[in-house]
Each structure stands twice: as structure tokens, then as C-alpha cells.
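Just so it is clear: chains get the letters A, B, ... in the order the sequence lines come, proteins before strands, and each one is counted from 1. Computed from a prediction, not measured in an experiment: that's the story for all the values here.
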There are 2 protein chains.
Amino acid sequence: MTKTTVTTAAPKAGPPRMSDVARLAGVSKMTVSRVLAGRSASLATRERVQQAVDQLGYVADAAAGALSSGRSEFVAVLVPSLSSSNFSDTVGGLTAVLEREGLQLLIGDTDYSLEREERLVRQMLRHQPRAIALTGAQHTDATRALLQRSGIPVVEMWDLPSEPIDTAVGFSNVKAAREMVRYLAGRGYRRIGFIGGASTLDRRGLDRLKGYQMEVKAQGLGEPRAIRLGDSPITMSHGGPAIAALLAQWPDTEAVMCVSDMSAFGAIMECQRRGLKVPGDLAIAGFGNFEVASCCHPTITTVSVDAYGIGERTGETLLATLAAREQGDGADARAPRNVRIDYTVVSRESA
Amino acid sequence: MTKTTVTTAAPKAGPPRMSDVARLAGVSKMTVSRVLAGRSASLATRERVQQAVDQLGYVADAAAGALSSGRSEFVAVLVPSLSSSNFSDTVGGLTAVLEREGLQLLIGDTDYSLEREERLVRQMLRHQPRAIALTGAQHTDATRALLQRSGIPVVEMWDLPSEPIDTAVGFSNVKAAREMVRYLAGRGYRRIGFIGGASTLDRRGLDRLKGYQMEVKAQGLGEPRAIRLGDSPITMSHGGPAIAALLAQWPDTEAVMCVSDMSAFGAIMECQRRGLKVPGDLAIAGFGNFEVASCCHPTITTVSVDAYGIGERTGETLLATLAAREQGDGADARAPRNVRIDYTVVSRESA
DNA sequence: TTGAAAGCGGTACCAG
DNA sequence: CTGGTACCGCTTTCAA
């Protein structure tokens, strides 16, 4: 196979280009571009172009378009774990909102590592995303610097930091945890324990622990009884060993608050294996209102958070900010810096 | 804290470009490009460039690079549902393999819709991905045409089609289901039911149903007892109503095979609510070996499939194909057209 | 409504 | 080892 030496009908390799479409339709490249963008063009022209596009199976090159117009169609989102249903739900909500505007999500999984997050932010930025959504408020200095310099809208999700980089969509995990402790105390439980992860990287988990500790103290429920075990993301396998450790150390515990429903579920299953009745012998509460919480037997008392809604609100916030910038609005018309997401304690059978 | 006062030089808007780096380092753009690509350059030059890059916080524009070099760093992957743990695991495996090569995943969620898949394929193709991985073997004609014309390597995952578009990485859901029925029959169960989804879009679910029916017939276990209920993805909430329907129609059922562990879990919880012992009164088996299967009480007998491994093998297959093409190998040196993934029946407490 | 020219920010290629 | 030049495929801008 020799290289085609110019001239004559060269059997063009690779996919068709806009110029190919233009030639076939008998118009200029520009006209094709306009038709595809849905801008002014006579009906006849539009049809001819469309026909050529179909015939050739033309798919416009997004990189070229982005380079030329100076704006990509990307929005980046980073979550700590894609296999955690609340984060994949958030991504789902974000996708639903953004795809209406033709925006394409660039999804990254930080695996709860700030270093990985930094690497991913850098990589995402290479694609000049129109905006970026991160999970949590904890980032390396380099990450912050990168984001600041990028100048694009940034949303931090799942938390309400006192000093957001730009905008935040979330709730106070500390307060939510306190509310759960109040609920348990209200049900008459006094000796309340907590099980969560050992990692210091899961800021939201740590905040829940903090909320637990604060409220236990506030309610005068004695010394906190907290077991910290296992790495994030906390999965179902976490609950069994954790509850075992808790009961070994504080056998007279009456109720346990878990950092997540996954953990609570594992704990409940372990109790069943031991012949302990839930909530009769031990009450167990979760966090997050995952599907398992409503399907499990007994059903799990938990804090319900609208993970999908966080994604939606994040998307809407980003779109609003982008629209405002489009119109050249200054910092004034910026979207609100903090969007508070509701949560509620859902009382079920387990506690 | 030296606040770089903005000198009178033109306040360039936007992020720094390669030419800015070049100017600051006192070299040509090309040299910067080479240094960043890790190609030949004297140590001194490399250091100067690196310093300039750091100082400016330069992040190369991927779109420009892709356009110029004619090759993007994207690989596209489409799954039916990101919130289903087996698919998010597959995405995880794929990510792990591809990121070693600096490739960036473009993730799409088809929501079990072939039309959505087609739209997403078109959208992905706009970014000129180096390769694309789809789930399943069922696609619209237009999707097939798009993929064919794109000329990039295609992998179909989670199935072993008789006529793959290009390459497939998966296993036979029919055979796996048959094996589970054989297992149940081997345990002495005769009146075996099946619960699965009603949607015709979940090909893998349908194949499992088909395998169930075939093997029930082959074993002479009487008429199949199949309940089809609910949309994909099958979640935990599916199992309760499904098992209720099954028992209503065939009260003397001894064992039930579920299309997924999610479903099996919901069914088991429903049995517990009804006071039915599993497996004493009713044996229940799942599919997929999700985490819940090993955490649940009783633990769930299931078909174990290495979802993460499917992602890894897909990544490896794609890389191999890309490498082969790089070397100009013809169709000969192509990667194998079918990569078989192992599965095993895992015997646990529930059946 | 349509077309021609310029150029987005990099990389391939070849020369020095 | 380094630099100049052309150009990737598209959109912007301006002119017709």
C-alpha cells in the first residue's frame, strides 16, 4: 500500500469531513456549519445538506469545534466513588439536567484520594470544561489553585463549606447526624454508639461522627462510643465487624447510629446471625436512605438525602452561572454561593 | 507574599497558552511541546520549561492536541445503568487499565434504551474516541452503521454474541442460568421458579430466563414457572412483589432462581416478613454475586461473575487492538474476537 | 442567505 | 537538540 501521491481521486482515508459534506451538497463549508448549528439557511439548502450528512454518515469533530469556537461542551464531575449509589445517583441527576443543554459529562472517580482528585482535576482541565463539580470541600492547595486559575464555575457537592471555592450544593453532615442522635434519644435510647470508617479522607463520614459526638454530649448521654473501622467507601461488609467490635467494647449499648445504610445493613445482618433482635435487643439506624434501607427486614431508620436532587441542583446551578456569565453579568448576578439540600430523619422499624 | 502587580503589558484574558510558556522559558513552542511530551531535550531546557509551566499554571489544551495529532485520548464506554453495581464495577476495571495509558474514559448511561444508546454513540463519536466499549450485543442498525464507519475498535461486553461487531468480552448468560438450574436440581429441588424483569430491553436478563426455561425442560422439571415484573434495572424493590406473584400463582414452589441478586435479596426479605424460612420453606438463588449476597442473612447462593474483570479484560483487549493497529498489523494480528469470562455457581445458605 | 479568509492551540515534519 | 512552517477541522468575522 503506497501512500497516495496527491492529485486525482484520492481515496480519502478516515471519516468524512465537513468539506466532504459541503462538496456533496454543493455548498460551502460555512453553510454546512450553519445548518448543523440550526442557524439561518433556506429550506432547500438545509435539506440538501442534511441529505449529504446522512449519506456520508458525517459526525462533526467536537475537538475542532471546541478549538475554533473557544468553548467545549464538557462539564467535569468528580465523585469519591462511582460504585456508591448515592454518588452514582448524583451523577445521574447531573446528567439529566446537563444533557438537555447538550453538555457532555466528564466523570472521574477520585477513590477518596485528594491526590487522585488533583490529578483528575488537572486532566479534566485539559479538556477546557465549561464548569466542574467536585464532591466535598476538602482539596489540596494545588487543586484549589488549578480551579481558581481556570476561571470556570466550580460547585462543591454534598457539603456546605463555610468558604466554598465558588458555589456549594449540599447540607451539613454534622447537623444531620445530630438530628439522628436527637431522634434516637427521643425514642428513649440512652447508651448510643456510632460505627463509621477509619479513614480521615471521608470528610462527610467524619462530620457525621462529629455530629454524633456533639449531640451525645449535648444530650448528656455519657461518653461517646465510637468504633472506627475500615476504609471508605463504607460497604455492607463493614457493618458486621464494626458492630461486633462495638458490642465487645460496650456490651450494654442500646442503639447504634451508622455512618451509612450500607454499614447499618451489615450490622443488622450480623445481629440476626447472633440471634439479637433489632430493634428489641439493639436499635440500629443508618444514613442516606439507600434502597436497602426500605427493602431490608427490618426496614432501616435513616436520614434521607436526595442524592439525585443534589445532582440536579448542581446542574441547574452550573447552568445558571454559565448563563449569567454569557450575558456578561458581573459577580453580582452570580448564583447563590450555597444551595441547601434538605434531609429528614425517616423513622422505620430498626430504631 | 509578592503580589505580582499587573504591569502594563496586555492583560491577556484566559489561561496561559503554550506560546506563553515558550516565551517565559525563552524557547520555541515546539520545544515546550517536546518537553511536555517527554521527548528529547537537554536537561537545562527541560528545567526551564518545567519552571515556566509551573509558574504559569499551564495546562495543555487537549482539544488542540487531538486536532493536531489526529488522535484523541478518549475511550468511550456505554453501560445500561451506572447505579447498577456490576456495571459500575466494570467501568472501574476499565478505568484502572486505561488510565495507565493516559486514556480518558467518556462514560455514558444508556438507561437500557437502544435509542439512547444510538444517541450516545453519535455523541461519543464526535469526540473521536480511540475505541468504544458497549454493553450487550443488541444495537440499532444505525448504531451498528455508525460504529462500522467510525473504524475504531469496538468491544461488546457482558455477552458472547455469535456475530460480534468487532470483539466481545463476556459470557453466555443462557449457559450460566442453565448451570444454576442444574445446581438447584442437584440439591433436590424440583419445582423451580424464576423471577425477572418484564422489559425486553435487558437482553442479559432475557437470556437468563431462556437458560432457565431450557434447563427446566432438559431436566424434566415440569412447566416453567416464570414471573416477569418491573423495569430494568432490577433493584431490590423488585424481589418482594415478584416472589409474592410467584407464590400466588404456584404456591408449591420449592426453589426460585432470580435474575439478579438484587431481586433475590428483596425476595428473601419478603419471605422473612411472611415468616417463610429460606431455604427451609423456599430456596432462593440470585445472579451476579453482588456484595449483598455475601452480607445478607441468609447468605445468597448465586452465580459469581467478575464484573471488574470484564472491565479489565475489555481495557486490555482494546489496548492490544490499538497497539496492533499502531504497528500497521493487518486484520491478522487483531485481538481475539471473543474473550470468554468465567463464572461459577457459588453455593451459600439460601439455596 | 451565503461564501472566503483567518485563525483557534497545539503537533508533524523537515531543516539547521 | 532545537526551531520554523504548515496544517489538523471547525467557527468566527466580514463581505457579497
Side-chain angles (χ1 to χ4, degrees), chain A residues 3 6 10 12-49 52-53 56-74 102 125-130 150 326, chain B residues 12-50 52-53 56-74 102 125-130 150 326:
Chain A
K3 285 272 201 265
V6 215
K12 269 190 300 290
R17 302 307 174 192
M18 192 176 272
S19 50
D20 300 319
V21 175
R23 197 176 315 121
L24 184 58
V27 297
S28 75
K29 232 171 41 168
M30 260 328 294
T31 301
V32 176
S33 173
R34 288 198 189 94
V35 169
L36 293 181
R39 284 209 262 280
S40 58
S42 76
L43 182 61
T45 310
R46 229 176 306 164
E47 280 177 346
R48 296 235 307 291
V49 169
V53 165
L56 293 173
Y58 173 69
V59 178
D61 183 321
L67 182 59
S68 175
S69 68
R71 50 174 25 213
S72 80
E73 301 172 334
F74 286 123
L125 255 25
R126 287 175 41 86
H127 297 288
Q128 314 276 139
R130 299 272 283 280
S150 75
E326 196 101 345
Chain B
K12 267 189 302 285
R17 300 307 174 195
M18 193 177 270
S19 51
D20 300 319
V21 175
R23 198 176 315 120
L24 183 58
V27 296
S28 76
K29 229 171 46 164
M30 263 325 296
T31 300
V32 175
S33 175
R34 287 198 191 95
V35 169
L36 294 181
R39 285 209 258 284
S40 57
S42 77
L43 183 62
T45 309
R46 229 175 307 163
E47 281 177 344
R48 294 236 307 289
V49 170
Q50 191 54 54
V53 165
L56 294 173
Y58 171 69
V59 178
D61 182 321
L67 183 60
S68 173
S69 68
R71 48 170 30 209
S72 80
E73 300 172 336
F74 286 124
L125 255 23
R126 287 174 42 83
H127 298 288
Q128 315 274 140
R130 299 272 284 278
S150 76
E326 195 101 348

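Comparing A:Ser42 and B:Met30 by the nucleotide of DNA chain C whose heavy atom lies nearest to each, the residue mapping closer to the 5' end is A:Ser42.
B:Arg48 places a side-chain N or O within 3.5 Å of a backbone atom of B:Ala25 that can act as its donor or acceptor partner. Distance alone, capped at 3.5 Å, is enough to place a donor-acceptor pair between the B:Arg130 side chain and the B:Ser72 backbone.
Counting non-hydrogen atoms under 4.0 angstrom, B:Ser19 reaches nothing in the nucleic acid. Contacts of B:Arg39 with the nucleic acid, taken as non-hydrogen atoms under 4.0 Å apart, involve only primed sugar atoms and P, OP1 or OP2. No contact: A:Arg46 has no heavy atom under 4.0 Å from any strand. Counting non-hydrogen atoms under 4.0 angstrom, B:Gly70 reaches nothing in the nucleic acid.
Atom NZ in B:Lys29 sits roughly 13 Å away from atom P in C:dG7 (whole-Å rounding). Atom P of nucleotide D:dC1 and atom CZ of B:Arg48 are separated by 16 Å, given to the nearest angstrom. Taking atom CZ of residue B:Arg23 and atom P of nucleotide D:dG3, one finds them 14 Å apart after rounding to whole Å. To the nearest angstrom, C1' of D:dC10 lies 11 Å from CZ of B:Arg126. As rounded to whole Å, 21 Å separates atom P of D:dC7 from atom CZ of B:Arg71. Computed from coordinates, the A:Leu56 CG to D:dG9 P distance equals 15 Å when rounded to whole Å. Straight-line distance from the CG atom of A:Leu67 to the P atom of C:dT11: 12 Å, rounded to whole Å. Separating the CG atom of A:Asp61 from the C1' atom of C:dC8 is a distance of 13 Å, rounded to the nearest angstrom.
Under 4.0 angstrom from either OP1 or OP2 of C:dG9 there lies no side-chain N or O belonging to B:Tyr58. At C:dG3, one or more side-chain N or O atoms of A:Ser28 fall inside 4.0 Å of OP1 or OP2 (strictly under the cut-off). OP1 and OP2 of C:dT1 both lie 4.0 Å or more from every side-chain N or O belonging to A:Thr45. In terms of phosphate contacts, B:Ser33 brings a side-chain nitrogen or oxygen within less than 4.0 Å of OP1 or OP2 of C:dT11. Contact between the side-chain N/O atoms of B:Ser68 and the OP1/OP2 oxygens of D:dC7 is not found at any separation under 4.0 Å. The shortest distance between the side-chain N/O atoms of B:Thr31 and the OP1/OP2 oxygens of D:dG3 is below 4.0 Å.
In the set C:dT11, D:dG3, C:dT2, the nucleotide with an atom closest to the side chain of B:Arg34 is D:dG3. Nearest to the side chain of B:Ala60, among C:dG10, D:dC10, C:dA12, sits C:dG10.
Here B:Asp20 pairs with B:Arg23 in a salt bridge; the nearest charged N to carboxylate O distance falls below 4.0 Å.
Taking the six-membered ring where tryptophan is involved, the planes of A:Phe74 and B:Phe74 are tilted, since the angle between them lies from 30° to 60°.
Of all heavy-atom pairs between A:Ala22 and A:Val32, the closest is CA-CG2, 3.6 Å. The shortest heavy-atom contact between A:Lys29 and A:Met18 is O-SD, 3.7 Å.
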